[in-house]
Each structure stands twice: as C-alpha cells, then as structure tokens.
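Along the sequence shown, the residues carry numbers beginning at 1. The analysis underlying the following values was restricted to heavy atoms, covering all of them including side chains, and did not include hydrogens, waters or symmetry mates.
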Amino acid sequence: MNEPHGASPRLPRASLAIAAFSTIVEWYDFTLYLYLATVLSRVFFTAGDSILVTLGGFAVAYLMRPVGAMVFGHIGDRYGRRQTMLASMTLMTFAMLATALLPTHARIGPAAGALLLAIRCIMGFSVGGEYTGVVAYLLEGAPEDRRGLIASLAAAASEAGALLAAAVAALTVSAMSEEALVSWGWRIPFLVGAGLAAAILLARATMRESPEFERQRVRGTIPRNPLRHSLAHHRAGIVRGFAISALGSITYYVGITYVPVFLTSTRAIDEAGALWLATIAAVAVIAVTPFVGALSDRWGRKPVLAGLAILSAALPIAMFGLMGTSAHAYGMPGAVVLALVAGGVSAVAAAATAEQFPGEGRLSGLAFGVTSATAIFGGLAPYVAQLLLERTGWASVPGAMIAIVACAVLPIVLTMPETAPRRLARVNRA
C-alpha cells in the first residue's frame, strides 16, 4: 500500500518534530481525565455510581472520535494535512480551557456533570482527526527507510503526554488536602493542558504542508469525496487498520491508563501511589517506543506486530493478577510489563495503519478503521473493565479482555501484506 519506492521529498526536521511532539496534548488530556476519574467523580457527580458515570463520560467522548475523524479527515484529504492539524488543535485548546473553568456539582447541581460530559464530547470530536493526521504527516514527510521510527515518535510523544498528565495529577493530588483538591485544585492540571495546547497551536502555524498532499495537488489526484473513495477502493485496508488499532487501543487504555483506577478500586495502592506508578510505566513506554519503531523498519511491520500480539495474549491476565494482590511490590513489575507491551504495539501500529492506504484518501481511510476501533476498544474498554471487575470480583478480568482481542487480531496480522519499504526492497531484490 506504499507509494512507489524510491527517493521522495522530505519535510524539514523542524516540521516533523513539531508534528511528532504535538500529540502530547491529545494524550495529556484524555489520560489526565482517566487518572483524575476518582477526583472528578467527587467534584461533578453524587455518590454511588459516580466512578462508573465518570468513566462513562470517557467512553462517550471516545464515541465522538470517529465522527471528528471523518470531518477532519475530509479536511485533511481535500485541503491539506496542515489545515486539519491546525483546526483540531484550535478546538482542543478551547475544550481544555472550558473544562478548567467549569462550575462544580456543589455550585449548580447535576448540570455540572452534564456540562463536563458535553465538553468531553467536544474534546473527543476534536481529537478524532488529531492522531491520524499527525501520523499521516510524519509518514509522508519521513525518509522511506525510517518511516517506522519517525511515525513511532508520535506514539512516544503521546506517552510523554501521558507521563506529563500522570506527573501533574500526582503532584496535584499529593500536594493538596482533600478539601482544596475538590474545591479548586483539580482545575490546575486542565489549565496546564490549555496552555500547552495554545503553545502547540502557535508552533503548528509554522509547519509546511505534507509533500504527499502537494504531489496530489500538482497531479490533480485529490479525491472529491475522500470518504467514498476509501470505502470504494480500500475496504481491506480499513479492516486491517481496525484490527491493528483494536489491539493498540485495548493494550494502551486497559493496560496503561486504566491501571490507576484498577489499583485504587482493588485497594492495592492508594490514589497518589497509583498515579506515581503510572508515571513510571509511562517512562518505560517512552523508552521502548522508538526502539520498536526502528525494529519494524528493519524486520518489517508484520513480524513485529505478530510477536506483540502473542505477548498481548499471554501476559496481561497474569500481570493484572499480580497487581490485584495487596502486596505493593507486585504493582510495579505488573504495570511496567503491561506498559512495555502496549508501547510496542502503539509504536509499530503508527506506521502500519497509515501504510494500509495510499496518499489519496489516507486520513479518511484511517478515520473508518483506526479511529472507530479506538472508540470501541479504547473509550469503552476502561468502563467495561471496571464494570466486569465490580460484577465478578476477578482481578484478572481486564487482562482477559486484552487477551481475547489479541487472539482475534493475530490471524489478521499473520495474513496481512508487509508494508515496510525497507523490507519490501529486500524482497524485491531477492
């Protein structure tokens, strides 16, 4: 599914760096919301099922991602990758600032929770085209033999956003009394995010357009209706993108971002300790992501993804079982192992999903496959994991969810064509 092999225009390193590291904002916000779920449940909702309602807001926001992805994907495929990245970041900046300024349940009652969920939907809509737009931009502007590595930097930057969210949340929770935290302290992390988003927006204004989109503009091959074009010509790519993203989403959102909620729900670790543990896990992911991305350039996307799918099927049940015990010493290795596996999948998935489509209609194809899988296996997964945990009392149930998805995805990975340009070149020479 790659463009023809050979020399291709490259973007300046500054544009690639801005694009790669701008995904910090997206993951900062969504990870922050999940890490502060127990705090937000006390601020915006009444007692009882407040944690489930808060996680439900996370899931509802994710259901808006495919809608946003289709809208922003259309913009990116018709008017340029740069335009869609500017538009999505503008809306994200507004949503984060609005969250920080929301009135609480103590002030306006149930309407506070409704406002929070409405803004989460706006955030989910804006984020819909964010990650896919960035990955496409990086893939199209990188040297062909380093696409896996450079595209994986978007995943690494996402983890940097998650790390920042965990650190800011942990500092906020640790430094404040319960009264101050619920009264006003919870706003600080969201204000930090709004400032970060505004800075990224200004930096993006200096970026150049993707050389792939410029090629389409010169040759007159920009599709009139990118969504229809993708559905008509790239159904197999959409299915493969969905499968790869399903594995990446559930390993990330259940294996990393849900872990603090899991640990506090099972009383294995307190709130502050769980957040610090999540911070350590994020560091591990940042370390492994570029390594796996480079490995996929050398060995190919297919074998690396297959190996990670096998690990995703074999390890999570045991790791959640370890973390669910009352011994704090087991929390660290369990969380780190899950984070390394999830980080590896995210690293290779960045390039592998984008390479399922040619440049024409690429963002729209990713919208159908990748973003819809993220909504189901990312947004809904923490809610379902928490619900099953409360209903069954089995600590390993979140790990079982990951294993089931991995087993379903593995046959698709094993039968998909190789897309790494370096690997394809070796096959052609042979």
Residue from T415, I310, L247 passing side-chain contact (heavy atoms from CB on, under 4.5 Å) with L410:
I310
Would you say S245 and T374 are linked by a side-chain donor-acceptor pair, where the criterion is simply a distance under 3.5 Å?
yes
With side chains defined as the heavy atoms from C-beta onward, is the minimum distance between V292 and L308 less than 4.5 Å?
yes
Is any side-chain heavy atom of W394 closer than 4.5 Å to a side-chain heavy atom of L388?
no
Indicate yes or no for a side-chain donor-acceptor contact from S152 to the backbone of L149 under 3.5 Å, with no hydrogens or angles considered.
yes
Are the aromatic rings of F125 and F72 close, with centres under 6.0 Å apart?
yes
Quick one: sort the H233 and H229 rings into parallel, tilted or perpendicular, breaks at 30° and 60°.
tilted
Heavy-atom donor-acceptor pair, Q216 side chain to G359 backbone, under 3.5 Å:
yes
Search all heavy atoms of A19 against all heavy atoms of M207 and return the closest pair with its distance.
CB-CE, 3.9 Å
Tell me if a side-chain donor or acceptor on S126 pairs with a main-chain N or O of M123 at a distance below 3.5 Å.
yes
Decide yes or no for V345 and Y252: does some side-chain heavy atom of the first lie under 4.5 Å from some side-chain heavy atom of the second?
no
Got a sec, which pairs hit ring pair (Phe, Tyr, Trp, His ring centres under 6.0 Å) with one end in residues 130-164, sequence neighbours left out?
W27-Y131
Tell me the closest heavy-atom pair linking G343 and T289, and the distance in Å.
O-OG1, 3.8 Å
Decide yes or no on side-chain contact (heavy atoms from CB on, under 4.5 Å) for T93 and L97, but give the supporting numbers first.
CA-CA 6 Å; T93 304; L97 181 60; 5.7 Å; no
Does E130 come within less than 4.0 Å of R204, counting only side-chain N to carboxylate O?
yes
If we only count heavy atoms from C-beta on, is the Y28 to M96 side-chain gap below 4.5 Å?
yes
For the side chain of T371 and the backbone of R65, is there at least one donor-acceptor N/O pair under 3.5 Å apart?
no
Where is the tightest heavy-atom contact between R301 and A351, given as atom of each residue plus distance?
NE-CB, 3.8 Å
Which atom pair, heavy atoms only, marks the closest approach of V261 to A37?
CG2-CB, 4.4 Å
Just by distance, do the side chain of S249 and the backbone of A246 share a donor-acceptor pair under 3.5 Å?
no
Heavy-atom side-chain contact between M92 and I200 under 4.5 Å
no
When rounded to the nearest 0.5 angstrom, what distance separates CG in L311 from CG in L338?
11.5 Å
Within-4.5 Å side-chain heavy-atom neighbours: L16 and L138
yes
Flag, side chain of R78 to backbone of P223, donor-acceptor distance under 3.5 Å
yes
Does a side-chain N-to-carboxylate-O contact under 4.0 Å join E214 and R82?
no
Evaluate whether atom CZ of R217 has more than 12 neighbouring non-hydrogen atoms of other residues, nucleotides or ligands under 6.0 angstrom away.
yes
Please list all pairs meeting side-chain hydrogen bond (donor to acceptor under 3.5 Å, both in side chains) that have one or both residues in residues 113-124, counting only residues at least two apart or in different chains.
D29-R120
4.5 Å side-chain heavy-atom contact, P143 and I150
yes
Using side-chain contact (heavy atoms from CB on, under 4.5 Å), reason through D77 and T84 one step at a time and then give a plain yes or no.
CA-CA 9 Å; D77 285 331; T84 197; over 6 Å; no
Close side-chain approach of M416 to L305, heavy-atom, < 4.5 Å:
yes
Parallel under 30°, tilted from 30 to 60°, perpendicular over 60°: which one fits the rings of F320 and Y258?
tilted
I'd like to check the side chain to side chain contact (heavy atoms under 4.5 Å, CB included) partners of L115; sequence neighbours left out, ordered by chain and number.
L102, P103, I108
Can you tell me which residue among R215, R81, R147 is in a side chain to side chain donor-acceptor pair (under 3.5 Å) with E140?
R81
